[in-house]
Each structure stands twice: as C-alpha cells, then as structure tokens.
Amino acid sequence: MAKQYDFKTIEKKWQDLWYSTKAFEPVEDKSKKKYYSLIEFPYPSGSGLHVGHIRAFSSMEVISRKKRLEGYNVLFPIGYDAFGLPTENYAMQTKRHPREVTDENIKKFEQQLKAVGYSFAWDRTVDTTDPKFFKWTQWIFVEMFKRGLAYKSRTLINFCPQCKVVLANEESQNGVCDRCDSQVIQKEKDVWFLRIRNYAERLLQGLSSVDYSERIRTEQQNWIGKSQGAEIVFNIAEEADLKKNYPLTVFTTRPDTIYGVTFLVVSPEHPMLDFFAKGIKNQKEVKAYQDTAKTKKEIDRIHLSKDKTGIKLSGLVAKNPISGTEIPVFIADYVMMGYGSGAIMAVPGHDQRDWDFAKAFNLPIIEVIAGGDIEKEAFACKDSNATLVNSPLINGLNVNDAVNKMISVLEERGLGKAKTDYKMKDWAFNRQRYWGEPIPIVNCAKCGQVPLPLSELPLELPVLKDFSPTSDASSPLSKCTDWLKATCPKCGGKATRETDTMPQWAGSSWYFLRYMSPEDSNYAVNPKAYDYWANVDWYNGGMEHVTRHLIYSRFWNMFLYDIGAVDDSEPYKRRTYQGLILGADGEKMAKSRGNTVNPDDVIKAYGADTLRVFILFIGDYEKPAPWSPEGIKGSERFIKRVWNLQDMICDNCDTSDLNLDALIKKVSEDYESVKFNTAIAHLMTAVNTVYGRGKITTKELNTILILLNPIAPHITSEIYESVNKKDILNAKYPSWDESKVLSDTIELPVQVLGKLKGKVVVPLNADEKLVLEEIFKQDILKGATIKKAVYVKNRIINLIV
RNA sequence: GCGGUCGUGGCGGAAUGGCAGACGCGCCAGACUUAGAAUCUGGUAUCUUCGAUGUGGGGGUUCAAGUCCCUUCGACCGCACCA
C-alpha cells in the first residue's frame, strides 16, 4: 500500500533533483534532433507571478517535456524583459535604484517558477537589463543606423503637464494621463525612429511561409494595412499668379472615381501650406485652425465625429487633371499627415467622410458610379461589377476595369501612377526615461551623428541619484553632465551623447536569439549555436503582443538576416496564443478589483501538479476563462486517483475496456494542437475506466504516467520511480498502432429518416449487407420498406423508408 | 465604420457534415462515518407518460447541420476620419 499522497514532500524532492542535476540544460549535440520551444519572457514586476503566467507558460512546458520524452534535445529557455516603467516608478517611490529592485523581482520570479516545476534551461537565463545582453541590443541599433534604418525626426510626444512627464502611448489612453487623469498635451521633439515601413511588404509576404494561428495572421495583416491604389498629381496655383504652382500628390484607392472629385483636402500639417504662405488670403484663419488641430489631435480625433470641420484656402485654385474642372482646396483635420501623402482628392458621391464634408460646406456632389442614392448618403460601392457614369474616358466600364484604365491613362500622361501604401507607421524608438538601454550615438559638431563602435559597447547607464523625469520633456540622462561628455569615435573631437533611451520593446525584439549562446562575447548570436538551434520551432504568447512585439521581432530578425547575422528571415516557425485567465467574477484580474489569484497560494493548498492540471483543463486554451475556486477540486480528485493507481497493479487482468492505442493517439494529437483540456479529459476517462475495474496492468499504468508526465511531472515521476525503479525522464514516449485505434466491433447507430432509432453491433469494416441483416434481426424498421440506405463505414447508417 | 472571433445544460466546456451535451464543477440519492470532511457508487437537457422537442432567431443546401450557405439579433477582441 503506497503512502498517503503528500505533494509537498514529493514536489520538493523532484524539483531539488531536477535543478541540482541540471536535468533540463541542453547541450549542442549534432547527433540529436533539436527542438526549440519558446514562451514570452516575463516582465519581472514587483507583484510576482500570477495565474495568467502559469497558463501562458504551461503549453510550451507540456510540449517541451513531451519532446524530451520523444528523444529531442530541447531548448526551453527563460529570461526577463526587465527594463520598463513600473520598476522605475516603484524605484522612485521607494528611493531605491531600479537595478536593486529588478534583481529582487527576478529572484522572486525564479523561485516562484521553480515551485511550479517548470523545466526551463536555467543556465541560459537572459536579462535585458544586463550590460552583457544590451551590448548587443545597442549593436543591432548601430547596425541599423549605419544602414539608414534609424533616423531622428521631429514629432509630437505625449506630455503630462501635471506630472511633468513624457508618457508612453500606453500611459495616455484617450488623451488622459494614466496617473493623474489630466489632459495630455503634445510636445514637439526630435526623437528616434526605426524604418520598419521599409520591411512592410516582407513582413506581409513572410506570413505565408510560417505557421501562425489564423487570428494572429489576420491581425498582423491588418496592422500592416496594405492598400493598393494610385498617386495622382493635382496642380494647385495662386489665383493672383498662376505661375506660382504646386504639384499636390494625393493617394487614392479609387482612381476610377476621379471625375467625381469636387474638391481637395490637405492635412493641417501639410508642407504646401508653407509654400503658399503668401498666396493664401485667409492666412489668419488657417493658422488658428492649425493651432486647434494640434491640441485636438489625440483627444478628439479618436472620437470621429460626423461634424466635419475645415477651412477653404482662399486665393488658391486647383484643377482636376483628367476633367480639367476647377476645384477648391481645403484644410481639414480629418485628413492625416501620417498616411498616404497627407492630402486627398474628395469624392463626396462615393466616400461618406467626403460626403459629410461636402454637405457641411455646401459643395457639389457628382455621381460617377451608378446604383446608389447620393442625395441621401455616399455610395461607397465596392462591387467591382458596378458601372461608371459621368466619366467620359471610362463610362460604362465596371469598377475593376475603370481602375486599371484610369491608372494607365494617368501613367501615359505623367499625371500619376499605381501606388501601394501601408498603414503601419515607422517605429517610434525612444523613451525619455532612465531605465532603458541608452542610445549609442554621439553628436559631434564636425561629424554629426556618430554611432559607437562595438569596442565601446555596451554603453552603460550612469549611476544617477535622481533619475526622475525632467519637466522639459527631455531624458533624465541629460542631467548627468559627466556622462554626456564623449569623444567622437570618428574624429576624436568633443561630442555629446544622445540622452534618450530605447523603448521597452527593444530587448524583446531579439532575446530569443540570445538564448542560443547567452554567454558569447563575440557575437549577438554565435553562428555555430545558431546553426544547431535555429529556428524557434514553436512560440506561444499573448494576443496583446501580436501587433507590436511579434512584428518588431520579425523585423529585427529580418534585418539581422539582411546583414548576415542569422540565416533565416523568419524567426518563428509556429506561433500560438493563450486566452486570459479572468477573475472568478468573470472580470479581468486586477489588484484594484481584488480578484487576483496568486499561484503560491494555490500550490500551498493543492500542490503544483494540481495547479498545472487545472490551469490547462479550465477551458479552451485560446479563449478567456474565469478562475474557478470550486473547479480546481476536480483536478485535485483526478490527481489523487492517479496516485491510487499504484495500488491496483495486476498484470493478468482483462484490459479490453481500455484501448491504449486510441488513448495515446488522442492525447498526443491534442497536445500538438493546443487542446490540453480535451487531452486531460481523455486521461480522466482512462483513469475512471481502470478505477471502475479496480485493476491496472503495469503497461497501462506506465502509459498513463508518461502521457500525463508533461502536465503533472512530480507525481508521475514519483509513481514511475517506485513502480519501475527508474527515472521517468529516461522513459520513452509511447507510440500507437493506427490499426488498433478502432476496436474490433463497432456499435453502429441506425437512423431512419435522419432520426436515431437504434444501434447494431457489427465487426469493424462490416459491409452494408451485414449491417442490414443485423438491423432486420432487431426489427428496428418495424416492417417498413427501405427505399435507400446511406452507409458510412464504422460511423453510421441512415435509412430512407 | 472596417477586420476578426464567437453564441450549446445551473456553470466551465466536448463534438474530421454522421449517436448533441465527452470531461469537470455544482446539485440529488445511496454507501462508509457518532457526526462532519474526505472517499466510493448511481443519477442529473426540456416536456405529464408513450416519443417528441432541443445548440440565440428566421430561411436554405443535404440521406444527415451545433458544424456549410443566406439573413437577423447579441457578445467579445483588434484597428480606426487609413483616403
């Protein structure tokens, strides 16, 4: 009789053994197949791990342990994305250094993660705030700079006048400061950008060569936002002096509607306004409008109102390049400088925004596509079969043909060309904060912006007593006058350092490469190590990172590919995601709601194995699921039942009620397709079956233990050891015989006119004749005659009578 | 507005177009207990039985629809005056 199930002792025993013997530290070995499974490394916050992390990490944990049992050499690394605002803010409040706080948090995370029994490669732990790591983050930035992919540009940043602090976008939702709720204002500043737009097409094309969940793929596509259309040049001139003219380029996806253009609109920030500074008669009005637009920006533009505002530029006149009609020019804030060319040709008949504007300003509306009622609303016809009207060159053509014809006309006459644009903006690569990687550039009076050579990297953060943000929206690093002074690497003259730091997304854009050779001091990623480990076979993470981190890291990897640092342009072969764990009340877990669940408490009460089973059993892995304090009891009972199996061993018992081949197949396929809840359900059914008979063979027991081991490693290790006197880590993952998955006899459902009327027992693969004989024997038809029978072998038979 | 996901018992959720509700929670009954906890066994969609009805509503395709198509209502997520 085995002892009482004592999870505390058992879990401690195995964790101590695993971590002291370095059981999960992989070594490059060309004779073994490798497998690289990756989780999104956590941000080591002061509040520690929460159950959401457990769900996020457990999928790859299961896959990693399974792959090891299958004989793979598995790299399943862990690290910390440790630069960031919460740590910095907490450090400021408590008057400590972020370094100290970070180290403390990391320690806590490590201890918590080990208490769950995760099989991470601890020796390879990376920390983005470690100079040995960010040396290479800085190096990548420098390489990008050298190739013109990093540039400085004047832009608007979010600034809270109350806190006197520059805010990240995520801190200023809806134009309100996260901390003090006051209105955020926009300040102009020169900051760094990365030219991710240069990679837009490749980021889009690359999606077809990787295995990402459909939802991830479409979200990335939308984020990149490719749209095809044309650039058309409209000539604008001063009424008073027609020779003073400006070729205004507009971007449109609908060049076919050009005859419907009744006015032009440019963004309030458009450079043509400076060009015509003198020619615009109502300059004062225009200036005032520009000023309001600036303050309005984030706040009002978010709530897109139907009330269009704008100003007609008097003194200017434009011409439709195709029809020759004269049309007025407006500025309006519904046109964004950041997309297309910052100017549009307005077609009020067929674009609702233009229609609204035309109505507000009493402008003509021309129908050029038949079929709508443009008196009531714009007819935004997307049906490519609709017909063009009132358009001399393209009358009668359908939309598709009209688009093509118009583009060729424009190209012939040199008035425009086909053009593809992307919604994705360049990546604002800057923070005016202390706790981030310093940007490794110096400004030299003679040479301009000069990057630091590798020999001067890492450029470490100065030790600052006061690293609070400055009130003038510049980085706290600018207060450190000693640190600012530098010598220009090019000419040896005096220079000053850049003071902005990198955003939080920097380190996470390439950390997965560093795991391959975390200690290497000559390479960001050692080519030999890369050769063996690349690429990431399976990456799991949150949906919230799909449009930022996942795009950014693909971009960095593509860049590293371009400079020959890595051999593949796509870093992740497969990507899946997990749903959120909600509070028991069905709301998002938040300290302020008091509905958070700490994994430590769960482990104390139920043990790590029960927690691991429950977090994967709780529901569809991809969907959000509320934590259930009652539900975990089911997982606890299951684990206890597994424990009791070791007292039921009997090697000569009847096992016909449990098909091991079917069990292995179902569980294994479910693991591989992220269906952990049903995998556990199959194992529960199997355990219930043997429990019912009170007997289990050693083979059955070992199979169940190995299948369950990736999910509940401690208890399965313990039982396996006591039964087999061996460590389950050296066991072989079972395979199944496809021919034995279906049993010899089938209980076949019999339908009459699509309704279930009975069942017959027939041998596997029985033919229709045999099935019908069996049906007559049982008199399921009650004398009716069969007109037609639809028989699906081993599935069902449906009789039409 | 655009794009996406999804509506199934009291609850979490299962169902390659082929027996709807696997598995679990909860609940009910019984067993073991002085009693409770734990454990074990059985039951648990709806309707008054017979056998009929059931996967948000309406229509369609099919021998067969939770699953496919159209339409409608609702929820959630992402993006958003994106030209």
Side-chain angles (χ1 to χ4, degrees), chain A residues 213-223 225-227 229-230 250-254 257 265 267 300-309 332-336 338-347 350-354 356-357 380 382 421-425 543-544 546-547 579-580 586 613-614 617-620 622-638 640-641 644 675 677-688 691-692 694 747-759 787-801:
Chain A
S213 302
E214 198 49 40
R215 205 176 144 204
I216 295 175
R217 197 191 305 273
T218 44
E219 254 182 48
Q220 290 213 345
Q221 277 165 356
N222 288 344
W223 181 263
K226 181 176 184 169
S227 62
V250 303
F251 176 69
T252 178
T253 52
R254 299 293 301 275
T257 61
V265 188
S267 143
D300 289 343
R301 284 192 175 184
I302 284 165
H303 315 287
L304 49 121
S305 65
K306 287 246 165 180
D307 306 326
K308 295 277 181 292
T309 63
D333 61 7
Y334 82 92
V335 174
M336 307 287 125
Y339 182 71
S341 59
I344 61 160
M345 57 176 224
V347 185
H350 305 282
D351 181 292
Q352 192 57 41
R353 293 154 304 173
D354 297 346
D356 293 337
F357 193 86
K382 280 179 199 151
D421 209 342
Y422 304 89
K423 285 178 197 163
M424 184 171 65
K425 298 188 173 81
M543 256 339 265
E544 70 275 18
V546 160
T547 46
L580 282 179
V613 168
F614 184 57
F617 183 64
I618 200 164
D620 184 336
E622 295 179 339
K623 287 192 190 130
W627 178 260
S628 164
E630 287 299 314
I632 194 168
K633 286 184 187 155
S635 302
E636 187 193 23
R637 284 178 198 138
F638 169 64
K640 282 186 182 162
R641 285 180 153 227
N644 293 337
K675 289 159 85 176
N677 55 338
T678 48
I680 293 168
H682 296 316
L683 286 165
M684 284 175 167
T685 310
V687 169
N688 289 347
Y691 225 74
E747 199 185 28
L748 192 82
V750 180
Q751 289 184 339
V752 176
L753 294 167
K755 298 234 159 88
L756 185 70
K757 290 291 174 187
K759 287 178 185 180
K787 270 193 194 158
K788 190 183 163 193
V790 181
Y791 174 50
V792 183
K793 215 178 243 180
N794 303 330
R795 274 276 171 197
I796 203 163
I797 184 162
N798 191 11
L799 303 171
I800 317 305
V801 296

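Predicted, not measured: the structure shown is a model, and the values here were computed from it. In what follows, chains carry the letters A, B, and so on, assigned in the order in which the sequence lines appear, proteins first and then strands, with residues in each chain numbered from 1.
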Which of these nucleotides, [options], is closest to any side-chain atom of [X]?
{"X": "A:Ser227", "options": "B:A83, B:G12, B:C19", "answer": "B:A83"}
{"X": "A:Asp620", "options": "B:C63, B:G13, B:C79", "answer": "B:G13"}
{"X": "A:Tyr334", "options": "B:C81, B:C63, B:A83", "answer": "B:C81"}
{"X": "A:Met336", "options": "B:C63, B:C19, B:A83", "answer": "B:A83"}
{"X": "A:Thr678", "options": "B:A15, B:C63, B:A83", "answer": "B:A15"}
{"X": "A:Ala681", "options": "B:A22, B:G3, B:C81", "answer": "B:A22"}
{"X": "A:Thr685", "options": "B:G18, B:C23, B:A83", "answer": "B:C23"}
{"X": "A:Glu219", "options": "B:C81, B:G78, B:G13", "answer": "B:G78"}

Between [N] and [M], how far apart are the two [atom1] atoms, rounded to whole Å?
{"N": "B:G24", "M": "B:A75", "atom1": "C1'", "value": "25 Å"}
{"N": "B:G26", "M": "B:G10", "atom1": "C1'", "value": "8 Å"}
{"N": "B:G13", "M": "B:C25", "atom1": "P", "value": "16 Å"}
{"N": "B:A22", "M": "B:A38", "atom1": "P", "value": "24 Å"}
{"N": "B:C76", "M": "B:G12", "atom1": "P", "value": "15 Å"}
{"N": "B:U8", "M": "B:A52", "atom1": "P", "value": "27 Å"}
{"N": "B:A65", "M": "B:G58", "atom1": "C1'", "value": "16 Å"}
{"N": "B:G7", "M": "B:G54", "atom1": "C1'", "value": "16 Å"}

Is the charged tip of A:Lys226 near the ring of A:Tyr422: under 6.0 Å from the six-membered ring centre and within 45° of its axis?
no

Does the structure show a Watson-Crick or G-U wobble partner for [N], both distances under 3.5 Å? Name it, or say none.
{"N": "B:G3", "result": "B:C77"}
{"N": "B:G66", "result": "none"}
{"N": "B:U48", "result": "none"}
{"N": "B:G54", "result": "none"}
{"N": "B:C25", "result": "B:G10"}
{"N": "B:G30", "result": "B:C40"}

Below 4.5 Å, heavy atoms only, C-beta onward: do [X] and [Y] meet side chain to side chain?
{"X": "A:Gln220", "Y": "A:Val546", "result": "yes"}
{"X": "A:Ser213", "Y": "A:Glu622", "result": "yes"}
{"X": "A:Lys425", "Y": "A:Tyr339", "result": "no"}
{"X": "A:Leu748", "Y": "A:Ile797", "result": "yes"}
{"X": "A:Lys675", "Y": "A:Asn677", "result": "yes"}
{"X": "A:Tyr691", "Y": "A:Asn644", "result": "yes"}

Is the A:Tyr334 ring parallel, tilted or perpendicular to the A:Phe357 ring (thresholds 30°, 60°)?
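Plane angle between 30° and 60°, so tilted.
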
Answer yes or no: side-chain N or O of [X] and base N or O of [N] forming a donor-acceptor pair under 3.5 Å.
{"X": "A:Lys623", "N": "B:C6", "answer": "no"}
{"X": "A:Lys423", "N": "B:C79", "answer": "no"}
{"X": "A:Arg641", "N": "B:U39", "answer": "no"}

Need one value for [X]: base, sugar-phosphate or nothing, where a base atom within 4.0 Å counts as base even if backbone is also close, heavy atoms only.
{"X": "A:Asp351", "value": "nothing"}
{"X": "A:Arg353", "value": "base"}
{"X": "A:Lys675", "value": "sugar-phosphate"}
{"X": "A:Tyr691", "value": "sugar-phosphate"}
{"X": "A:Thr547", "value": "nothing"}
{"X": "A:Asp354", "value": "nothing"}

Please determine whether a side-chain nitrogen or oxygen atom of A:Asn794 lies at a distance below 4.0 Å from atom OP1 or OP2 of B:G18.
no

Answer yes or no: does a side-chain N or O of A:Asn677 lie under 4.0 Å from OP1 or OP2 of B:G24?
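Checking B:G24 against A:Asn677, no side-chain N or O comes under 4.0 Å of OP1 or OP2.
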
Kindly compute the distance separating [atom1] ([X]) from [atom2] ([Y]), expressed to the nearest 0.5 Å.
{"X": "A:Met345", "Y": "A:Asp351", "atom1": "CE", "atom2": "CG", "result": "10.0 Å"}
{"X": "A:Asn798", "Y": "A:Gln751", "atom1": "CG", "atom2": "CD", "result": "4.5 Å"}
{"X": "A:Arg641", "Y": "A:Leu683", "atom1": "CZ", "atom2": "CG", "result": "13.5 Å"}

Would you kindly give the [atom1]-to-[atom2] distance between [X] and [N], to the nearest whole Å?
{"X": "A:Ile796", "N": "B:A65", "atom1": "CD1", "atom2": "P", "value": "11 Å"}
{"X": "A:Arg254", "N": "B:A83", "atom1": "CZ", "atom2": "P", "value": "11 Å"}
{"X": "A:Met684", "N": "B:A14", "atom1": "CE", "atom2": "P", "value": "14 Å"}
{"X": "A:Ile797", "N": "B:A64", "atom1": "CD1", "atom2": "P", "value": "15 Å"}
{"X": "A:Ile680", "N": "B:A14", "atom1": "CD1", "atom2": "P", "value": "12 Å"}
{"X": "A:Ile216", "N": "B:C77", "atom1": "CD1", "atom2": "C1'", "value": "13 Å"}
{"X": "A:Met424", "N": "B:G3", "atom1": "CE", "atom2": "P", "value": "21 Å"}
{"X": "A:Gln751", "N": "B:C63", "atom1": "CD", "atom2": "P", "value": "14 Å"}

A:Gly754 or A:Glu747: which one's nearest nucleotide on RNA chain B is closer to the 5' end?
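Final value for this comparison: A:Glu747.
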
Does A:Ile618 or A:His682 map to a spot on RNA chain B nearer the 5' end, using the closest nucleotide for each?
A:Ile618

For B:G9, is chi within 90° of 0 (syn) or not (anti)?
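For B:G9, whose glycosidic angle is within 90° of 0, the conformation is syn.
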
Where protein sits on nucleotides 25-33 of chain B, one letter per nucleotide: B base, S sugar-phosphate only, - none, heavy atoms under 4.0 Å:
SS-------

Might you work through the salt bridge (Lys or Arg N to Asp or Glu O under 4.0 Å) test for A:Arg217 and A:Glu214, ending with a clear yes or no?
CA-CA 5 Å; A:Arg217 197 191 305 273; A:Glu214 198 49 40; 3.5 Å; yes

Considering only nitrogen or oxygen atoms on both sides, find all protein atoms under 3.5 Å from nucleotides 52-54 of chain B and state each distance.
none

Closest contact, heavy atoms only, A:Leu799 versus A:Ala789:
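So the minimum-distance heavy-atom pair works out to CD2-CB, 3.5 Å.
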
Return the minimal non-hydrogen interatomic distance between A:Phe617 and A:Ser635, and the atom names on each side.
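Here A:Phe617 and A:Ser635 meet closest at CD2-OG, 4.5 Å.
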
